[in-house]
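Working notes, beginning with the structure itself.
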Amino acid sequence: MTIDPAAFERYRHSPNARTTLPRLLLGTGIVVLFWAATTVAVLVGGTYAFFARQAAPSSGMQGFLASPIGILTALVSFAGIWIGVWAAMRWVHGEKLSALLGNSRRVSWSGFLKGLIAVLITSLISEILLYLLQPQIARGPISLSSWLLFAIPIAALTLLQTSSEELLFRGYLLRGLASRFKSPFIWALLPALLFTSLHWSASSSPAINACVLASIAAFALLLTLVVYATGDLGAALGAHLGNNLTGFLLISHQESYNSFALFNARPLEGPGWATSDAVLIAFIGIACSLLTIGLLLHPRSPLKVASELPDRASTA
């Protein structure tokens, strides 16, 4: 299974002369600033709405963050990344935001759909294996009618969250670093490490944190590989959406994000997980990411993604 780098080479050389390392750092700072400001703004509104509805608000901020309003607030906060990346591209680099989407400057919807389907398939396999490891699953607190009512809004907000992360980590940072550095240990590894580190959970044990971070790192590798293979974000956007939709709407493994899930599995941040459990969970996560890579990149796979290389004249 070989990957033709032509599409990615076009993508990595697409930034203009204003994409220097200092400007990339400045742009990243702008993104963080807008993300933080948006988070504060929606948290203020969300907490007011949450506590105004509580007769006896004894659960505090932890209860708010785990509530439906808290989850919606957290997802909306990712709009700050979109705003920040737009501002960085326009003010710092003098480019259009669409330049980050790929060589065609638009989302490859065929790649998006293939990435979504591939991850939904491997997520199903992952859930079966996790159930065999820990057959503790219960119906979530949300009623079916409420779930149907919230399914589309949650899917839309999940797309907002996942697309903002892809725009930043596999778009802005990866493309900018790749234009300045030839080594993938810089342009691929640094954004992947940053993305992975953001999934650290202070409430989980060191063993569970290690297994989750290993699984996230494998998933970040998958997302980077499909961008490398296609020269656009389409398949990565679909794959990331499929992964998060499974956790938000179908089977949740996190107690703090299970308000909209139909089923709740044993929470990873809970007590009682053995080190051997963590090793097996990491193995399942890594294996399913590798399987997804095969589905999206193997030449005989019906879900194989293809690169889009438009004529230079059409993108000038």
Side-chain angles (χ1 to χ4, degrees), residues 3-38 78-112 115 159-160 162-195 198 220-221 223-238 240 305-316:
I3 299 176
D4 184 356
F8 183 74
E9 289 300 315
R10 172 82 68 87
Y11 184 59
R12 77 186 295 176
H13 290 111
S14 62
N16 60 27
R18 294 174 64 179
T19 306
T20 61
L21 187 58
R23 286 178 178 269
L24 194 62
L25 292 173
L26 174 61
T28 303
I30 290 174
V31 175
V32 172
L33 180 63
F34 273 97
W35 188 10
T38 305
F78 284 88
I81 295 181
W82 270 96
I83 300 171
V85 174
W86 173 85
M89 290 294 288
R90 183 176 179 86
W91 300 338
V92 179
H93 304 288
E95 290 190 272
K96 293 182 178 181
L97 183 66
S98 59
L100 298 178
L101 299 178
N103 292 314
S104 62
R105 294 180 176 251
R106 60 179 177 82
V107 174
S108 169
W109 291 111
S110 63
F112 178 91
L159 178 60
L160 171 67
T162 55
S163 63
S164 69
E165 292 181 346
E166 291 309 302
L167 192 72
L168 175 59
F169 293 106
R170 255 67 61 181
Y172 183 73
L173 290 176
L174 188 150
R175 174 178 177 263
L177 289 171
S179 71
R180 309 303 304 176
F181 301 97
K182 188 175 182 179
S183 173
F185 289 104
I186 298 177
W187 57 258
L189 190 60
L190 288 182
L193 287 175
L194 182 58
F195 173 76
L198 293 177
L221 171 64
L223 298 172
T224 302
L225 273 177
V226 294
V227 172
Y228 180 77
T230 61
D232 65 63
L233 300 183
L237 288 168
H240 201 161
V305 292
S307 61
E308 295 184 1
L309 281 172
D311 294 336
R312 291 186 181 276
S314 64
T315 58

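None of the values given here were measured: they were computed from a predicted structure.
Considering only residues two or more places apart in sequence or on other chains, Leu33 meets the side chain to side chain contact (heavy atoms under 4.5 Å, CB included) condition with none of them. Every residue was checked against the ring pair (Phe, Tyr, Trp, His ring centres under 6.0 Å) condition with Tyr11, not counting sequence neighbours, and none meets it. Residues passing the salt bridge (Lys or Arg N to Asp or Glu O under 4.0 Å) test with Arg180, sequence neighbours excluded: none. Every ring pair (Phe, Tyr, Trp, His ring centres under 6.0 Å) that Phe195 has, sequence neighbours left out, goes to Phe169, His199, His240. Partners of Ser179 by side chain to side chain contact (heavy atoms under 4.5 Å, CB included), not counting sequence neighbours, listed by chain and number: Pro15, Thr19. Residues passing the side chain to side chain contact (heavy atoms under 4.5 Å, CB included) test with Ser110 are Ser108, sequence neighbours excluded.
We find the CZ-CG distance between Arg10 and Asp232 to be 12.5 Å, quoted to the nearest 0.5 Å. Atom OG1 of Thr230 sits about 10.5 Å away from atom CG of Leu225, to the nearest 0.5 Å. Between Phe8 atom CZ and Thr224 atom OG1 the span is 9.0 Å, to the nearest 0.5 Å. One finds the CG atom of Leu194 at 8.5 Å from the CG atom of Leu190 (value rounded to the nearest 0.5 Å).
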Pairs under 3.5 angstrom only: tabulate donor-acceptor contacts from the side chains of residues 81-88 to other protein residues two or more places apart or in another chain.
{"residue": "Trp82", "atom": "NE1", "partner": "Ser163", "partner atom": "OG", "Å": "3.1"}

Please set out all donor-acceptor pairs under 3.5 angstrom arising from side-chain atoms of residues 170-178, sequence neighbours excluded.
{"residue": "Arg170", "atom": "NE", "partner": "Glu166", "partner atom": "OE1", "Å": "3.0"}
{"residue": "Arg170", "atom": "NH2", "partner": "Glu166", "partner atom": "OE2", "Å": "2.7"}
{"residue": "Tyr172", "atom": "OH", "partner": "His93", "partner atom": "NE2", "Å": "2.6"}
{"residue": "Arg175", "atom": "NE", "partner": "Ser14", "partner atom": "OG", "Å": "3.0"}
{"residue": "Arg175", "atom": "NH1", "partner": "Glu95", "partner atom": "OE1", "Å": "3.3"}
{"residue": "Arg175", "atom": "NH2", "partner": "Ser14", "partner atom": "OG", "Å": "3.2"}
{"residue": "Arg175", "atom": "NH2", "partner": "Glu95", "partner atom": "OE2", "Å": "2.8"}

Less than 3.5 Å apart, which donor and acceptor atoms pair up between the side chains of residues 182-189 and the rest of the protein, not counting sequence neighbours?
{"residue": "Ser183", "atom": "OG", "partner": "Phe185", "partner atom": "N", "Å": "3.1"}
{"residue": "Trp187", "atom": "NE1", "partner": "Lys182", "partner atom": "O", "Å": "3.1"}
{"residue": "Trp187", "atom": "NE1", "partner": "Ser183", "partner atom": "O", "Å": "3.4"}

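Within the 4.5 Å cutoff, the side chain of Leu167 has heavy atoms near those of the Leu101 side chain. Side-chain contact between Leu233 and Val227 is present, with at least one heavy-atom pair separated by less than 4.5 Å.
Contact record, Ala229 with Ser307: O-CB, 3.6 Å, taken as the closest heavy-atom pair. Nearest heavy atom pair, residue Phe34 against residue Gly80, reads CB-O, 3.5 Å.
Arg105 places no side-chain N or O within 3.5 Å of a backbone atom of Ser98 that could act as its donor or acceptor partner.
Residues in residues 83-93 take part in no salt bridge (Lys or Arg N to Asp or Glu O under 4.0 Å) pair, two or more places apart or across chains.
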